[in-house]
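What follows is a set of notes on a single structure, which appears directly below.
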Amino acid sequence: MSTNEKGGLLLLDIYAVLLEKQGFQDWWPGDTNLEICIGAILTQNTAWGNVEKAINNIKKESLMSLDALLNAGEKKIATLIRPAGYFNQKAKYVYGFCKFIKTSPFKELKKNELLKTRDALLAIKGIGKETADSILLYVLDYPIFVIDAYTKRIFSRIGVCNENMDYDDMQNFFYRNLIIDVELFKDYHAQIVTLGKGSCRKKPKCENCVLRARKICSYGLN
DNA sequence: CGCCAGGGCCTCA
DNA sequence: TGAGGCCATGGC
């Protein structure tokens, strides 16, 4: 049903341009699996710069480990992650996630099937589809395509999908029109975020957009 | 100042 | 199942 089912070539073309112009992104930012997961939770509807401050606060007190965070407790975590916003909610989420990983370590999760693992993550309070998929892709190396606000904005501006598509619709669009490859999925999402933070902001800076330069996107040209 | 940032949960139709 | 309210800090 999609607007463009020759989109397979299109999506790969777009990635090629992004890779060429922005360079390989080598993502997700974070030193350890736990840090990636916490970053994924903290960045919900929040600027990454504020997430970095929060993560640095945790590291400064040497609390970036499962046992240390569980021992510190929700209140302490809330104090440390304050710069990331929604700190009371997120402290609960981080604590609950740590409790889950304590009983189901990453290595054990990896032995499970993809959908089973995804369901387990989604059952944790505070882990929705995007956060779960980020963990599945960047920590557990499952071939999952992450959808976020940048993805919706960029590809609806390009015109290959519309903004009323929900998460699953968007994700299926990418699955239908891309080859399934973990490393491609990792870097593609990273490229999308870089473009979204750079030129394809809510208030767009189309002048220096690499997709407009290649005539892939004509947003705002009438 | 107001707007925005790599969402998700809860509630109520 | 979908729309709306709520959560909150910091940069620009």
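As the structure is a computational prediction, the values presented were derived from the model and not from experiment. A note on names: the letters A, B, ... follow the listed sequences, proteins ahead of strands, and every chain is numbered from 1.
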Counting the atoms with a prime plus P, OP1 and OP2 as sugar-phosphate, which does [X] contact under 4.0 Å by heavy atoms, base, sugar-phosphate, or nothing?
{"X": "A/Lys203", "result": "nothing"}
{"X": "A/Ile192", "result": "nothing"}
{"X": "A/Gly85", "result": "base"}
{"X": "A/Ala149", "result": "sugar-phosphate"}
{"X": "A/Thr151", "result": "nothing"}
{"X": "A/Gly126", "result": "sugar-phosphate"}

For this session: Between A/Trp27 and A/Ile124, name the one whose nearest nucleotide on DNA chain B is closer to the 5' end.
Result: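 Its nucleotide being nearer the 5' end, the pick is A/Trp27.
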Problem set entry | Residue mapping more 5' on DNA chain B - nearest nucleotide basis, A/Gly196 or A/Lys125 |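 Per heavy-atom nearest nucleotide, the more 5' residue is A/Gly196.
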For this session: Measure up the A/Phe155 and A/Phe174 rings against each other and bin them: parallel (under 30°), tilted (30 to 60°), perpendicular (over 60°).
Result: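 Perpendicular.
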Exercise. Do the ring planes of A/Tyr138 and A/His189 sit parallel (below 30°), tilted (30 to 60°) or perpendicular (above 60°)?
Worked result: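 It falls in the tilted class, 30° to 60°.
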Distance test, side-chain N/O of [X] to OP1/OP2 of [N], below 4.0 Å:
{"X": "A/Asn88", "N": "C/dA8", "result": "yes"}
{"X": "A/Arg153", "N": "B/dA5", "result": "yes"}
{"X": "A/Lys90", "N": "C/dT9", "result": "no"}
{"X": "A/Thr46", "N": "C/dA8", "result": "no"}

Between [atom2] of [N] and [atom1] of [X], the distance in whole Å:
{"X": "A/Phe87", "N": "C/dG10", "atom1": "CZ", "atom2": "C1'", "result": "13 Å"}
{"X": "A/Met165", "N": "C/dT1", "atom1": "CE", "atom2": "P", "result": "18 Å"}
{"X": "A/Leu42", "N": "C/dA8", "atom1": "CG", "atom2": "P", "result": "13 Å"}
{"X": "A/Ile41", "N": "B/dG7", "atom1": "CD1", "atom2": "P", "result": "14 Å"}
{"X": "A/Tyr167", "N": "B/dG8", "atom1": "OH", "atom2": "P", "result": "8 Å"}
{"X": "A/Leu122", "N": "B/dC9", "atom1": "CG", "atom2": "P", "result": "8 Å"}
{"X": "A/Glu52", "N": "C/dG11", "atom1": "CD", "atom2": "C1'", "result": "13 Å"}
{"X": "A/Gln89", "N": "C/dA8", "atom1": "CD", "atom2": "C1'", "result": "9 Å"}

Exercise. Given the side-chain rings of A/Tyr175 and A/Phe145, with only the six-membered ring counted for Trp, is the space between their centroids under 6.0 Å?
Worked result: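 Not close enough - the centres of the two rings lie 6.0 Å or further apart.
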Exercise. Using Watson-Crick and G-U wobble pairs whose two distances are both under 3.5 Å, how do you write the pairing of DNA chain C as dot-bracket, with | for links to another strand?
Worked result: |||||||.||||
Exercise. For atom CD of A/Glu20, is the number of surrounding heavy atoms from other residues, nucleotides or ligands below 6.0 Å larger than 12?
Worked result: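 Yes, the 6.0 Å shell around CD holds more than 12 heavy atoms from other groups.
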Could you check which of [options] has an atom nearest any side-chain atom of [X]?
{"X": "A/Tyr86", "options": "C/dG11, C/dA8, B/dA5", "result": "C/dA8"}
{"X": "A/Tyr93", "options": "B/dC9, C/dA8, C/dT9", "result": "B/dC9"}
{"X": "A/Asn45", "options": "B/dG8, C/dA8, C/dG10", "result": "C/dA8"}

Check: [Y] main-chain N/O paired with [X] side-chain donor or acceptor under 3.5 Å:
{"X": "A/Ser104", "Y": "A/Ile101", "result": "no"}
{"X": "A/Lys90", "Y": "A/Leu42", "result": "yes"}
{"X": "A/Arg157", "Y": "A/Cys217", "result": "no"}

For this session: Could you tell me whether A/Asp31 and A/Lys59 have a side-chain N and a carboxylate O separated by less than 4.0 Å?
Result: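 Counted as a salt bridge, because a side-chain N and a carboxylate O are separated by less than 4.0 Å.
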For this session: Taking atom P in both C/dA8 and B/dC10, compute the distance separating them and give it to the nearest angstrom.
Result: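 The same atom, P, in both gives a distance of 14 Å.
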For this session: Using the P atoms only, state how far C/dG5 lies from B/dC3, rounded to an integer number of Å.
Result: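 One P to the other, the span is 16 Å.
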For this session: Would you check, one step at a time, whether the test side-chain hydrogen bond (donor to acceptor under 3.5 Å, both in side chains) holds for A/Gln191 with A/Asp187?
Result: CA-CA 6 Å; A/Gln191 299 289 354; A/Asp187 196 52; 3.0 Å; yes
